[in-house]
Amino acid sequence: MGCQSDNQVNEQERKVQEKMTLVKRVIIVMSGKGGVGKTSVAVNLACALAVSGKSVGLLDTDIHGPNVAKMLGIEDQTIQQFGTDMIPVMAASNLKVVSLALLGKAADTPFIWRGPMKAAVIRQFLGEVDWGVLDYLVVDSPPGTGDEPLSVCQLLPRISKAVIVTTPQDVAVLDARKSIMFARELNIPVIGIIENMSGLICPHCCTRIDLFKQGGGEKAAQDLGESFLGSIPLDPELVALGDSGKPLMLLRNQSEAFIAFEKIVSKIEDFCK
Ligand SMILES: Nc1ncnc2c1ncn2[C@@H]1O[C@H](COP(=O)(O)OP(=O)(O)O)[C@@H](O)[C@H]1O
Ligand SMILES: [Mg+2]
């Protein structure tokens with residue numbers, strides 16, 4: 001896959017366009033910074049949409065740190081090959097998942113790939129997977145504005161929209177701004193900004209602790225004229241749920257984080273109508 005000829009690339013791109021005629025919308029979850037909650041947001045957004053009866057695909061384009069399968073508790077399953085197509089793993093009814101972590105390689109083996117190889121694997125994941133008809137394809141991205149989100153945006157410019165995740169602190173917000181500029185540059189509409197890890201309620205005294213400060217995401221949205229989709233609090237249960245493969249939006253525990261997330265999903269759906 002290292003050096004593809006122009007013909008091979010064109011053929012892959014043709015397959016992408018063919019498969020994506022059945023996909024209504026693509027939501028790319030991005031942020032400039034790592035560890036701010038992109039994968040948690042992508043997984044829970046996909047689960048929430050699937051629970052509400054939509055046909056959903058979830059594509060993990062984080063090649064160096066594919067965490068989607070682990071967070072969904074499907075890391076022991078593998079993508080099957082059927083003819084020339086790959087069959088996604090079903091994580092719940094209506095939820096099809098594709099990730100490098102589902103290709104049967106040992107979980108701790110790194111993929112050491114350069115840019116063109118990443119672009120090639122993303123073309124394969126879009127064009128050689130039997131996604132079928134989807135209301136939403138949610139795409140989880142690695143941090144930053146590199147090859148992975150660039151490939152998706154360039155291959156699917158008309159149906160893609162971006163959700164930007166940040167924590168409230170300045171360094172994360174600064175990087176989130178870059179993601180917005182990146183989306184604008186590529187003419188991808190920005191659905192809005194989510195402020196994650198926004199305050200922690202002490203389980204002992206119920207005082208709110210603003211571990212990563214507060215309001216940075218909302219201010220960035222205002223400054224840049226984008227929508228603010230809402231804040232999700234820091235919730236220790238979310239860490240445990242992510243590690244045990246039980247997404248909050250499938251568990252539906254009515255926690256503050258769950259309620260915040262439900263509101264965010266409904267804003268995203270409104271934008272996509
Ligand atoms: N609101 C939250 N409260 C508590 N932990 C969270 C929250 N959002 C994400 N996490 C945890 O933070 C870590 C990083 O989140 P992740 O979604 O992997 O970020 P990214 O994909 O941006 O690197 C994970 O362990 C995840 O479970
Ligand atoms: Mg991630």
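Please read all numbers here as calculations on a predicted model, not as lab measurements. Residue numbers start at 1 and run along the sequence shown. FYI, side chains are in, hydrogens and waters are out, and symmetry mates aren't considered; it's all heavy atoms of this structure.
- More than 12 heavy atoms of other residues, nucleotides or ligands shown are found within 6.0 angstrom of CG on Asp223.
- Note that OG of Ser160 is 9.5 Å distant from CE of Met20, once rounded to the nearest 0.5 Å.
- Asn196 places a side-chain N or O within 3.5 Å of a backbone atom of Val36 that can act as its donor or acceptor partner.
- A donor-acceptor pair under 3.5 Å links the side-chain atoms of Thr21 to the main chain of Glu18, judged by distance alone.
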*Could you go step by step and tell me if Gln124 and Val121 meet the side-chain contact (heavy atoms from CB on, under 4.5 Å) rule?*
CA-CA 5 Å; Gln124 273 192 297; Val121 82; 4.3 Å; yes
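- Listed here is the closest heavy atom pair of Phe125 and Leu103: CZ-CD1, 4.4 Å.
- Val98 has its side chain out of reach of Met86: every pair of non-hydrogen atoms, C-beta onward, lies at least 4.5 Å apart.
- One hydrophobic cluster, built from ILVMFWY side chains closer than 4.5 Å, holds both Phe182 and Leu224.
- For the residue pair Ser255/Asn253, the side-chain donor-acceptor check at 3.5 Å is satisfied.
- The backbone N or O of Asp140 lies less than 3.5 Å from a partner atom in the side chain of Thr61, making a donor-acceptor pair.
- Closest approach of Asn44 to Leu248, counting heavy atoms only: OD1-N, 3.1 Å.
- Atoms CH2 and CG, on Trp131 and Leu58 in that order, are 7.0 Å from each other to the nearest 0.5 Å.
- Considering only heavy atoms from C-beta on, Asn187 stays 4.5 Å or farther from Pro157 through its side chain.
- Considering all non-hydrogen atoms of both residues, Gly144 and Pro149 come closest at O-CG, 3.8 Å.
- Of the options Ile79, Val138, Leu72, a side chain to side chain contact (heavy atoms under 4.5 Å, CB included) to Val97 is made by Leu72 and by none of the others.
- Among the candidates Glu11, Gln12, Gln8, the single residue satisfying the side chain to side chain donor-acceptor pair (under 3.5 Å) test with Arg123 is Gln12.
- Proximity of a side-chain donor or acceptor of Ser31 to a complementary backbone N or O of Ala176 within less than 3.5 Å is not detected.
- A pairwise comparison of heavy atoms in Ile191 and Cys272 identifies CD1-SG, 4.0 Å as the closest pair.
- Cluster annotation: Val163 is connected to Val139 through the hydrophobic network of ILVMFWY side chains, with a link wherever side-chain heavy atoms come within less than 4.5 Å.
- Within a 6.0 Å radius of CD in Gln17, other residues, nucleotides and ligands contribute more than 12 heavy atoms.
- Under a hydrophobic-cluster definition in which Ile, Leu, Val, Met, Phe, Trp and Tyr are linked whenever side-chain heavy atoms come within less than 4.5 Å, directly or via other members, Leu95 and Leu251 are assigned to the same cluster.
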_Residues Asp62, Lys38; criterion salt bridge (charged side-chain N to carboxylate O under 4.0 Å, His left out); working and verdict_ = CA-CA 10 Å; Asp62 192 340; Lys38 286 175 299 301; over 6 Å; no
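- Between Asp210 and Lys213 there is no salt bridge, since none of the side-chain N atoms of the basic residue sits less than 4.0 Å from a carboxylate O of the acidic one.
- Between atom CD1 of residue Ile122 and atom CG of residue Leu59 there is a gap of 7.0 Å, rounded to the nearest 0.5 Å.
- Without hydrogens or angle criteria, Glu218 side chain to Gly216 main chain gives no donor-acceptor distance under 3.5 Å.
- Remark: Lys219 NZ is loosely packed, at most 12 non-hydrogen atoms of other residues, nucleotides or ligands lying under 6.0 Å away.
- The salt bridge (Lys or Arg N to Asp or Glu O under 4.0 Å) test with Asp135 singles out one residue from Lys24, Lys96, Lys273, and that residue is Lys24.
- Enclosure of atom CD in Glu185 is not indicated, since only 12 or fewer non-hydrogen atoms of other residues, nucleotides or ligands lie within 6.0 angstrom.
- Arg252 and Glu262 are joined by a salt bridge, as a carboxylate oxygen and a charged side-chain nitrogen come within less than 4.0 angstrom of each other.
- Hydrophobic clustering (ILVMFWY, side-chain heavy atoms < 4.5 Å, transitive): Ile180 and Leu186 are in one cluster.
- Using a 4.5 Å cut-off between side-chain heavy atoms of Ile, Leu, Val, Met, Phe, Trp and Tyr, with links allowed through other members, Ile209 and Leu234 fall into the same hydrophobic cluster.
- Counting heavy atoms of neighbouring residues, nucleotides and ligands inside a 6.0 Å radius, atom NZ of Lys15 exceeds 12 of them.
- The shortest distance between side-chain heavy atoms of Thr166 and Ile164 does not fall below 4.5 Å.
- A donor-acceptor contact shorter than 3.5 Å links the side chain of Glu195 to the backbone of Gly215.
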*Kindly determine whether Ile159 and Arg25 satisfy side-chain contact (heavy atoms from CB on, under 4.5 Å), including the steps that lead there.*
CA-CA 5 Å; Ile159 52 173; Arg25 321 165 180 85; 5.6 Å; no
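- In terms of heavy atoms, Val68 sits closest to Asp60 at N-OD2, 3.4 Å.
- Judged by distance alone, with hydrogens and angles left aside, the side-chain atoms of Glu148 form no donor-acceptor pair with the main-chain N or O of Lys118 at under 3.5 Å.
- The shortest non-hydrogen separation linking Ala172 to Lys33 is CA-CD, 3.5 Å.
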